[in-house]
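Here's the structure, in structure tokens; my notes come after.
Just so we're clear, the structure is a prediction, and the values are computed from it rather than from any experiment. Start at 1 and go down the list; that is how both ligands and their atoms are numbered. Numbering of residues begins at 1 and proceeds along the displayed sequence.
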Amino acid sequence: MTMRLDKLLTHVGVASRSGVRQVLKAGRVRVDQTIVKDAAFQVDENALVYLDGQKLDTRLSRHLMLYKPPGVLTAKEDARQQTVMELLPPVYTALGCMPVGRLDKDTTGLLLLTTDGELAHRLISPERHVEKTYVATVDGHLEESDVQAFAAGIPLKDFICLPAKLEILTPVTARVTVQEGKFHQIKRMFAAVGKPVTQLHRAWFGPLALEPSLHPGEYRELTENEIIALYTAAGLKE
Ligand code: URA
């Protein structure tokens, strides 16, 4: 695959399109062994591109995990409120990275982000049954009957939830694994058994656990093995 050099440099965050033209004109960009000034030059995806002698990271596909803190919106942009994209360096927005599904504003934990729209779509598609695991704190006293209700499939107003695994950790906290991710689903499931959620944290998404060394608001790129596991879970090849 090839791409115009000015587009590539803009995507990877070197500068705006016009800024990039100036950078090119000044002879600051080298592609492999050659200084290239032509904005329309077609760069191969395997080419090595340098700015002022420093090799650029020109990967166009990126996959990240973010430890979403509370109080931040899962959205690409918002006029008033801080979004998860604002927790990342601007290059990820320039590359078209998007959150995989949503966590509520007050929910914390593992949020995946990717530049691959098809991957994101499949990971959240109800048909693929990619499991997500949350730790919920509730107002109430969790009991064995709740485990059974979750396993049977909680009926909500508009649909019946697929069977979910509820593991009681303390009388007020539980680990819950669901195969789908409808709007406010976890909160609605606990509300349906009369124990509203007071705190919600996502610990796993499909094959991936939240990296224990990340603090709220921090992110890291996924490893090659994690990316393969994610594509496999989505029924796709990378
Ligand atoms: N279910 C919810 O209710 N909220 C979330 O943020 C995620 C799953």
Can any side-chain N or O of [X] pair as donor or acceptor with the backbone N or O of [Y] at less than 3.5 Å?
| X | Y | result |
| --- | --- | --- |
| Thr74 | Leu103 | yes |
| Lys187 | Pro196 | no |
| Thr137 | Thr198 | no |

### Query
Would Asp158 and Arg188 pass as an ion pair if we require N to O under 4.0 Å?
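Yes, charged N to carboxylate O under 4.0 Å.
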### Query
When you look for protein heavy atoms under 4.0 Å from ligand 1, which residues do they belong to?
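For ligand 1, the contacting residues are Leu103, Asp104, Thr107, Tyr134, His184, Gln185, Ile186, Lys187, Leu200.
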### Task
Return yes if a side-chain donor-acceptor contact under 3.5 Å exists between Thr133 and Thr177, otherwise no.
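Thr177 and Thr133 do have a side-chain donor-acceptor pair below 3.5 Å.
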### Task
Cation-pi check, Lys132 to Phe205: give yes when NZ or CZ is under 6.0 Å from the six-membered ring centre and within 45° of the ring axis, no otherwise.
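Pair Lys132/Phe205 counts as cation-pi.
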